[in-house]
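To start, the structure under review is shown below, and the notes come after it.
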Amino acid sequence: MFKFFISNDTTPDQTDRFLRLNAHVPELVRSIGVSEQTLDVQAMKQMNLITAECQFSPRAFAAALSHVALWGNVAQHKTAVHVFENNAVLCANFEAESTRILASLPEDWDFVLWGNTPGATIQFDVLPELALFSGAVQPPYSARGAAALSEMNITSLAFPLMTTQSIAGYAISPSGAEKLIKACVPLTSTSVPAANGQDGNVAAQTLPQLMSLHYSTMKAYVCVPPLCMTDASAPSL
């Protein structure tokens, strides 16, 4: 599977850092992200990629469209891929462990979340229809910083994913790409649960918030413990 990381031309230092921290992972391919400096929001509205009601910031628009562009390629070429944000760090055995996890899933899987920001709220089925985990996953190694993960071998389990509003890296299949394009495009600020789950609903302002509304209706999974995580010392897309 191709392994894409999204990085635009305005963040060369971040691209270098990503490649340095993940030098143990072979064949990482840069996907040039949309730059907020050159983003024409009005043109995106005319192309029906963004609704007039969307409250995303220019940075959030650019990040969202960078992911959506990759989904379009996945759907068109009928080939599953890995996608990483440019502040993700992958575990030492990511290649072998992600391959093992994917082989253990149903052939018609849609989406696999490899990891997100430590401490982000997440819901997944521990035992389908019997036990639901809802809370923050804080891997023991996260206290040592994301760079430590690049030197660690992780053994993980995949569980059905319900919700999370944070992504660092994921695998997506053609069917998953088609479902997320249909569900999330055009980008709009529909009502989503607040991040802490206790403040009611808020207007969506990022793509991961929109994605979170649809995992439960897809064959989506999450790895615990995660195989990658956000590098808190580096800026996001």
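The shortest heavy-atom contact between Ala177 and Trp71 is CB-O, 3.4 Å. Here the shortest heavy-atom pairing between Pro225 and Ser156 reads O-OG, 2.7 Å.
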### Query
What do the steps show when you test Ser175 against Asp110 for side-chain hydrogen bond (donor to acceptor under 3.5 Å, both in side chains), and what is the final call?
CA-CA 6 Å; Ser175 63; Asp110 290 320; 2.5 Å; yes

#### Entry: Verdict with reasoning, Glu151 to His24, per side-chain hydrogen bond (donor to acceptor under 3.5 Å, both in side chains)
CA-CA 9 Å; Glu151 301 176 354; His24 56 284; over 6 Å; no

### Task
Any chance you could lay out the side-chain contact (heavy atoms from CB on, under 4.5 Å) test for Asn22 and Leu28, step after step, and finish with the verdict?
CA-CA 9 Å; Asn22 296 296; Leu28 291 166; 3.8 Å; yes

### Message
Evaluate Thr164 against Asn116 for side-chain hydrogen bond (donor to acceptor under 3.5 Å, both in side chains), listing each step before the verdict.
### Response
CA-CA 9 Å; Thr164 187; Asn116 56 7; 3.1 Å; yes

### Task
Could you go through the side-chain hydrogen bond (donor to acceptor under 3.5 Å, both in side chains) check for Gln123 and Ser134 one step at a time?
CA-CA 4 Å; Gln123 285 188 337; Ser134 181; 3.1 Å; yes

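Although no hydrogens or angles enter the test, the distance criterion places no donor-acceptor pair under 3.5 Å between the side chain of Thr117 and the main chain of Ala120. A donor-acceptor contact shorter than 3.5 Å links the side chain of Ser189 to the backbone of Gln55. Thr99 places a side-chain N or O within 3.5 Å of a backbone atom of Glu95 that can act as its donor or acceptor partner. Using a distance-only test at 3.5 Å, with no hydrogens or angles considered, no donor-acceptor pair links the side chain of Lys219 to the main chain of Pro106. Judged by distance alone, with hydrogens and angles left aside, the side-chain atoms of Thr190 form no donor-acceptor pair with the main-chain N or O of Thr188 at under 3.5 Å. No donor-acceptor pair under 3.5 Å is formed between the side chain of Asn93 and the backbone N or O of Ala96.
Hydrophobic clustering of Ile, Leu, Val, Met, Phe, Trp and Tyr side chains at less than 4.5 Å, counting indirect connections, keeps Val74 apart from Ile32.
Within a 6.0 Å radius of CD in Glu27, other residues, nucleotides and ligands contribute 12 heavy atoms or fewer.
If you take CE on Met44 and CD on Gln42, they are separated by 10.5 Å, rounding to the nearest 0.5 Å. One finds the CE atom of Met211 at 9.0 Å from the CG atom of Leu161 (value rounded to the nearest 0.5 Å).
A salt bridge is defined here as a Lys NZ or Arg NE, NH1 or NH2 lying under 4.0 Å from an Asp or Glu carboxylate O, and Asp9 with Arg30 meets this definition. Checked for salt-bridge contact, Lys78 and Glu178 meet the test: a charged N lies under 4.0 Å from a carboxylate O.
Screening Phe124, Tyr221, Tyr215, Phe133 against Phe159 for a ring pair (Phe, Tyr, Trp, His ring centres under 6.0 Å) leaves a single residue, Phe124.
Aromatic ring pairs are classed by plane angle as parallel below 30°, tilted from 30° to 60° and perpendicular above 60°; the pair His82 and Phe94 is perpendicular.
Residues His67 and Tyr170 bring their aromatic ring centres within 6.0 Å.
The shortest distance between side-chain heavy atoms of Glu97 and Asn153 does not fall below 4.5 Å.
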